[in-house]
Amino acid sequence: MVALEAFEIQGPCRLEGEVAIEGAKNFALPAVAASLLTDSPVRITNAPKVQDLHTLVRILQGLGAAVEWEDGTLALRARGVRRQDPPYDLVRRMRASVLLLGPLLARFGRARIPLPGGCAIGQRPVDMHIAGLRHMGADIAVEHGDLVATAKRLKGARYTFPKVTVTGTENLMMAATLAEGTTILRNCAQEPEVTALTRMLAAMGARIEGAGTSTLTLEGVKELQGCTFDVIPDRIEAGTYLLLGAMLAGSRVAVTGVHSGDLTSLLDQMADAGVSLEIGRDRIAVTANEGLAARSVVTAPYPGFATDLQAQYIAAMTQAAGVATVEETIFENRFQHVMELQRMGADITLSGRTAVVRGGARLSGAPVMASDLRASACLVMAALAADGATLVRRIYHLDRGYFHMEKKLQALGAGIRRVTVEGV
Ligand code: EPZ
């Protein structure tokens with residue numbers, strides 16, 4: 001038997017107060033990978049102290065990079081990197097390790113990275129990462145579960161992504177900064193985290209045109225300099241707390257330190273569902289007064305509705321009046337949370353990639369199991385609305401991307417505490 005942490009939650013809760021939002025995990029990860037592109041020092045400020053980032057720091061240290069936490073700043077220097085083969089035991093925990101492929105190839109001409117493998121939300125292939133790097137002259141083979149990649153010097157290439165891929169865009173962009181000649185990437189992801197990475201790479205001396213658009217043009221340079229770069233606010237953490245404030249009757253929650261412009265699709269959806277919002281440039285307040293109206297949504301690449309908010313949105317729709325359909329178009333298996341919500345009394349039916357949520361049923365507390373990062377958040381949200389006690393097991397999924405969630409919720413008045421339970 002092993003001892004694992006869980007959240008014990010007593011619902012229903014009414015929340016009141018402000019939540020300071022951390023730096024975005026999904027920008028901090030490529031930013032750390034980008035530090036491999038130069039021998040000079042890189043400082044990443046407002047870095048979130050979430051588990052995924054600690055894992056990536058350990059991986060870089062294992063390769064020989066110097067990485068120190070200086071309060072909320074990561075001080076990195078890749079001058080001492082002697083290895084290009086991160087260990088399977090760490091890579092398997094954090095599939096975004098694939099982001100090391102482009103920088104290691106561009107800087108050292110070789111990389112051996114365990115194939116990340118699938119996860120709860122889908123089989124998560126990296127075929128587009130591989131295809132794009134091959135276009136740039138890399139030899140990439142799969143050997144005993146590892147991606148083994150070599151390239152004398154990457155060459156600029158033209159590549160159009162068959163599908164929008166966030167880390168695929170980030171990987172090829174980083175590789176292209178040091179490639180010989182011009183690279184043109186089309187059908188790129190336009191998430192704020194991708195745009196922030198183009199700005200960070202430019203601050204390091206990369207020559208990039210098209211930031212924030214679907215076409216990126218890069219002129220390779222001989223070497224890059226260091227930089228100091230601030231992590232953008234985590235729009236998914238912010239969206240999670242905003243949806244929570246909207247679904248718990250009588251609540252009034254504000255998120256601070258956000259970029260409201262990165263949340264437009266969610267804010268439009270919430271306004272359409274009758275939520276009263278006060279939207280400032282870096283502060284958004286939500287009041288759950290007359291309750292939520294059911295509104296349907298389809299996930300899409302940015303600027304569409306984020307797949308990373310789909311589970312949290314379903315939790316909110318269980319408290320809405322009416323029927324909402326939620327269609328997941330990005331991942332093939334991102335409804336693990338639905339079965340657990342049904343155990344709490346939610347009236348949801350699944351057909352293919354669409355969940356039909358009939359709101360209004362009272363939820364009741366139950367022992368539930370987290371399966372992936374955003375599903376865990378969804379279960380915590382539902383538990384805060386439910387009558388009675390809920391135990392959410394395997395919250396290590398949650399700690400990967402949410403910093404001190406229970407402390408932030410306790411400060412808002414939630415009945416939640418972190419406990420240790422026997423079992424798996
Ligand atoms: C990033 O994952 C995020 N992770 C995910 O956040 C997020 O859900 C996802 O983008 C979509 O927005 C980080 O940024 C670290 P994709 P990524 O490549 O890049 C398919 C979270 O909760 N695909 O944009 O891995 C893929 O299977 C995490 O913080 C291929 O087929 O996602 C998916 O169906 C979860 N071949 C679709 O494209 C490839 O080579 C989009 O995936 C690459 C992707």
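Basis for what follows: all heavy atoms, side chains included, without hydrogens, waters or symmetry-related copies. Whatever order the structure lists ligands and atoms in, that order sets their numbers, starting from 1.
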Distance to 0.1 Å, residue and atom name: give those for the protein heavy atom nearest to [atom].
| atom | value |
| --- | --- |
| atom 37 (C) of ligand 1 | Ile330 O, 3.9 Å |
| atom 3 (C) of ligand 1 | Asn26 ND2, 3.7 Å |
| atom 18 (O) of ligand 1 | Thr165 OG1, 2.6 Å |
| atom 5 (C) of ligand 1 | Asp308 OD2, 3.8 Å |
| atom 22 (O) of ligand 1 | Arg374 NE, 2.9 Å |
| atom 19 (O) of ligand 1 | Thr167 OG1, 2.6 Å |
| atom 40 (O) of ligand 1 | Met128 N, 2.7 Å |

Checklist entry - Does Arg334 come within less than 4.0 Å of Glu328, counting only side-chain N to carboxylate O? => result no

Checklist entry - Atoms of ligand 1 less than 4.0 Å from His129 heavy atoms? => result 40 (O)

Next on the checklist: Once side-chain hydrogen bond (donor to acceptor under 3.5 Å, both in side chains) is applied, what residue pairs with a partner in residues 168-186 remain, sequence neighbours excluded?
Outcome noted: His129-Asn171, Thr182-Glu219

For ligand 1, indicate whether the residue [X] contacts it via side chain, backbone, both or neither (heavy-atom separation under 4.0 Å).
| X | result |
| --- | --- |
| His397 | neither |
| Val166 | both |
| Ala96 | side chain |
| Lys25 | side chain |
| Leu373 | side chain |
| Leu99 | neither |

Next on the checklist: Do Leu99 and Met174 make a side-chain contact, defined as non-hydrogen atoms from C-beta onward lying under 4.5 Å apart?
Outcome noted: yes

Next on the checklist: How close do Leu248 and Ser251 get, counting heavy atoms only, and between which atoms?
Outcome noted: O-OG, 2.8 Å

Item to check | Over all atoms of both residues, closest heavy-atom pair of Ala206 and Leu224 | outcome: N-CD2, 3.4 Å

Checklist entry - Under 6.0 Å from the CD atom of Gln410, do we count more than 12 heavy atoms belonging to anything else shown? => result yes

Checklist entry - Has Gln61 got more than 12 heavy atoms of other residues, nucleotides or ligands less than 6.0 Å from its CD? => result yes

Next on the checklist: So for Pro125, does at least one of its heavy atoms come nearer than 4.0 angstrom to any atom of ligand 1?
Outcome noted: yes

Checklist entry - Counting heavy atoms only, which of Met94, Glu191, Lys163 comes nearest to atom 38 (O) of ligand 1? => result Lys163

Checklist entry - Hey, does Thr307 come in under 3.5 Å of ligand 1, counting only N/O atoms on both sides? => result no

Next on the checklist: For ligand 1, which is the ligand I care about here, please tell me if Glu170 has any N or O atom under 3.5 Å from one of the ligand's N or O atoms.
Outcome noted: no

Next on the checklist: So, taking the atom named CD in Glu209 and the one named OG1 in Thr215, what distance separates them when rounded to the nearest 0.5 Å?
Outcome noted: 12.0 Å

Item to check | Result of checking Ile232, Val166, Val231 against Glu193 for side chain to side chain contact (heavy atoms under 4.5 Å, CB included) | outcome: Ile232

Item to check | side chain to side chain donor-acceptor pair (under 3.5 Å) against Arg107, all qualifying residues, sequence neighbours excluded | outcome: Asp39

Next on the checklist: Could you go through Asp308 and Lys25, starting from their C-alpha distance and side-chain angles, then the distance that decides it, and tell me whether this counts as salt bridge (charged side-chain N to carboxylate O under 4.0 Å, His left out)?
Outcome noted: CA-CA 12 Å; Asp308 289 352; Lys25 160 179 89 78; over 6 Å; no

